[in-house]
Amino acid sequence: MEEQDIYKEQENYGEQEVYGEQDFFGEQEPVIADTKKETDKKCPCCGGIMDFDPAVGNLHCPYCDHIEEILAEGEEDVSAEEQDFLTEEQTGNCNWGVETKTVLCKACGGEMVYDALEIAGECPYCGSNQVMEAKGENTLAPGGVCVFKLDAKQAAEKFKAWIKKRWFCPKEAKETATPKEMKGLYLPYWTFDTDTVTQYSAEYGINTSKKNAKGETVTVTNWYRCSGTYREFIDDQAVCGTTRHEQGLLNGIQPYRTSDNKVYKPEYIAGFASERYSIGLKDAWEKAKSLITNRLRTNITRKIETERHADSVRSVRLKTSYSKIKYKYLLLPVWMASFKYKEKLYQFMVNGQTGKVSGKTPLSPVKVAFSVIGIILVIALLWWISNI
């Protein structure tokens with residue numbers, strides 16, 4: 001998609017200009033657009049730039065502590081509306097490639113280069129907020145945002161408490177791990193609601209004990225077939241809308257309280273970086289169905305175990321139909337940072353809403369060795385007891 005499609009709207013001119021770069025017969029011909037004026041909110045008391053402050057849930061001036069309400073007087077604080085999946089036309093992925101845009105800050109003259117995925121940032125020279133248009137001709141705009149509940153200091157404290165509990169992490173790393181600059185980022189997520197009806201079949205096992213020819217007591221599993229219908233409503237199955245970041249770390253900070261969201265306003269992401277989606281609605285739904293299938297398989301297995309008093313379940317087969325499919329496009333908050341230990345960087349993430357931490361840490365060879373030896377000794381002891 002060409003940048004002029006994404007940034008062609010000329011409403012609410014602000015303090016920064018955005019230039020989309022394109023190749024036109026070998027020449028760079030910029031397409032001029034602007035960042036949104038309301039996100040570069042000046043403090044009425046001192047003229048400073050105000051950012052969204054998680055502590056107060058509104059715009060806050062870091063210079064004189066003035067707080068500005070985001071919602072207008074009498075405006076209700078409402079959540080994002082769920083949209084109908086089957087009637088949505090813009091369902092494709094967005095291949096942004098290596099497209100870039102240059103933002104020129106009129107306040108200080110600084111020039112920054114962003115890639116096409118970024119819809120929010122901050123001028124590194126004067127601190128002016130830069131929130132660009134989130135919607136293009138062939139893309140959807142966010143319906144809502146789960147705002148940051150933790151600031152950078154609180155996120156760092158969550159990390160320090162988390163790393164102290166990592167058993168295999170060396171003591172020295174726990175004591176010296178200091179996060180580099182915490183980066184607050186809003187990432188695009190899709191959430192899906194749907195009614196499911198699943199026809200299932202499976203085999204369940206009932207264990208019995210009997211003596212073999214040697215007089216030893218052994219366990220024998222008798223297998224029986226079963227089938228049935230299982231219904232479940234799926235609420236807010238989340239799927240990340242970008243592949244730029246390590247999915248394992250992102251999965252580690254789930255879940256979010258996605259019901260605790262606000263209708264999207266640029267002011268909510270002022271002062272933070274933000275990305276638009278590259279995984280479209282159609283492919284996100286396919287990912288969601290895979291996650292839902294795993295969830296249904298687990299729940300149906302538990303159902304069979306409970307109802308049949310089964311000791312084990314196998315060969316679970318599912319055929320699921322979906323109806324009343326709804327979706328939301330949300331921006332979810334993440335704190336990202338890394339720490340250095342013995343010249344190596346270890347990345348971690350903090351859920352900006354709940355404080356849950358996910359990350360990588362160094363391993364202590366001594367602790368790993370002791371753990372392996374301990375496991376071997378336990379297995380040997382159990383084998384010895386069973387053969388007495």
Donor-acceptor pair, [X] side chain versus [Y] backbone, under 3.5 Å?
{"X": "Trp335", "Y": "Leu150", "answer": "yes"}
{"X": "Lys149", "Y": "Pro54", "answer": "no"}
{"X": "Glu88", "Y": "Phe85", "answer": "no"}
{"X": "Thr208", "Y": "Val220", "answer": "yes"}
{"X": "Ser227", "Y": "Ser201", "answer": "no"}
{"X": "Ser79", "Y": "Asn261", "answer": "yes"}
{"X": "Gln247", "Y": "His245", "answer": "yes"}
{"X": "Thr298", "Y": "Asn294", "answer": "yes"}
{"X": "Asp195", "Y": "Ser323", "answer": "no"}
{"X": "Thr178", "Y": "Thr176", "answer": "yes"}

Would you please test Leu187 and Met336 for side chain to side chain contact (heavy atoms under 4.5 Å, CB included) and show each step?
-> CA-CA 11 Å; Leu187 294 182; Met336 296 183 179; 4.1 Å; yes
To the closest 0.5 Å, what do you measure between [atom1] ([X]) and [atom2] ([Y])?
{"X": "Leu318", "Y": "Ile292", "atom1": "CG", "atom2": "CD1", "result": "12.5 Å"}
{"X": "Lys356", "Y": "Asn351", "atom1": "NZ", "atom2": "CG", "result": "8.5 Å"}
{"X": "Leu381", "Y": "Ile376", "atom1": "CG", "atom2": "CD1", "result": "13.5 Å"}
{"X": "Thr258", "Y": "Leu330", "atom1": "OG1", "atom2": "CG", "result": "6.5 Å"}
{"X": "Gln353", "Y": "Cys146", "atom1": "CD", "atom2": "SG", "result": "5.0 Å"}

*Name the orientation class of the two ring planes belonging to Phe148 and Phe272 (parallel below 30°, tilted from 30 to 60°, perpendicular beyond 60°).*
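It falls in the parallel class, under 30°.
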*Among Lys164, Lys360, Lys174, side-chain contact (heavy atoms from CB on, under 4.5 Å) partner for Cys169*: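 So, applying the side-chain contact (heavy atoms from CB on, under 4.5 Å) to Cys169 and each of Lys164, Lys360, Lys174, only Lys174 qualifies.
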Of Ile269, Ile70, Asn58, Val145, the one forming a side-chain contact (heavy atoms from CB on, under 4.5 Å) with Phe52 is Ile70
If you count heavy atoms of other groups shown closer than 6.0 angstrom to [atom1] of [X], is the number above 12?
{"X": "Lys287", "atom1": "NZ", "answer": "no"}
{"X": "Lys289", "atom1": "NZ", "answer": "yes"}
{"X": "Glu89", "atom1": "CD", "answer": "no"}
{"X": "Arg302", "atom1": "CZ", "answer": "no"}
{"X": "Arg317", "atom1": "CZ", "answer": "no"}
{"X": "Lys303", "atom1": "NZ", "answer": "yes"}

Specify the closest pair of heavy atoms between [X] and [Y], including all atoms of both residues, with the distance to one decimal.
{"X": "Ile206", "Y": "Arg308", "result": "CD1-O, 3.7 Å"}
{"X": "Trp162", "Y": "Ser358", "result": "CZ2-C, 4.4 Å"}
{"X": "Trp223", "Y": "Ser312", "result": "CH2-OG, 3.3 Å"}
{"X": "Phe339", "Y": "Ile163", "result": "CZ-CD1, 3.8 Å"}
{"X": "Leu249", "Y": "Gly359", "result": "CD2-CA, 3.6 Å"}
{"X": "Lys158", "Y": "Val357", "result": "O-CG2, 3.7 Å"}

ask   = Applying the 4.5 Å side-chain criterion to the ILVMFWY set and letting contacts propagate, would Val350 and Ile253 be lumped into a single cluster?
value =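 No, because Val350 and Ile253 fall into different hydrophobic clusters, even though each may have its own neighbours under 4.5 Å.
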Exercise. Going hydrophobic residue to hydrophobic residue with side-chain gaps under 4.5 angstrom, can you get from Tyr277 over to Leu281?
Worked result: yes
Practice prompt. State plainly whether the residues Glu157 and Lys160 are in salt-bridge range, i.e. N to O under 4.0 Å.
Written response: no
Between Lys262 and Asp77, does at least one N-O distance fall below 4.0 Å, as a salt bridge requires?
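Salt bridge between Lys262 and Asp77, a charged N being under 4.0 Å from a carboxylate O: yes.
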Hits for ring-ring contact (aromatic ring centres under 6.0 Å, His included) against Tyr224, two or more places apart or cross-chain, chain-then-number order -> Tyr204
Discussion item. Run Lys265 and Glu75 through salt bridge (charged side-chain N to carboxylate O under 4.0 Å, His left out) and show every step you take.
Written reply: CA-CA 13 Å; Lys265 285 179 176 289; Glu75 185 178 2; 3.0 Å; yes
(message) Here's a test for you: under side chain to side chain donor-acceptor pair (under 3.5 Å), which of Thr293, Thr320, Thr229, Asn299 qualifies with Thr198?
(response)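 It is Thr320, the one option of Thr293, Thr320, Thr229, Asn299 that forms the side chain to side chain donor-acceptor pair (under 3.5 Å) with Thr198.
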Does either side chain, that of His60 or that of Asp65, offer a donor lying less than 3.5 Å from an acceptor on the other one?
yes
TODO: Measure centre to centre between the rings of Tyr186 and Tyr268, then say whether the value is under 6.0 Å.
DONE: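 Centroid distance Tyr186-Tyr268: not below 6.0 Å, so no.
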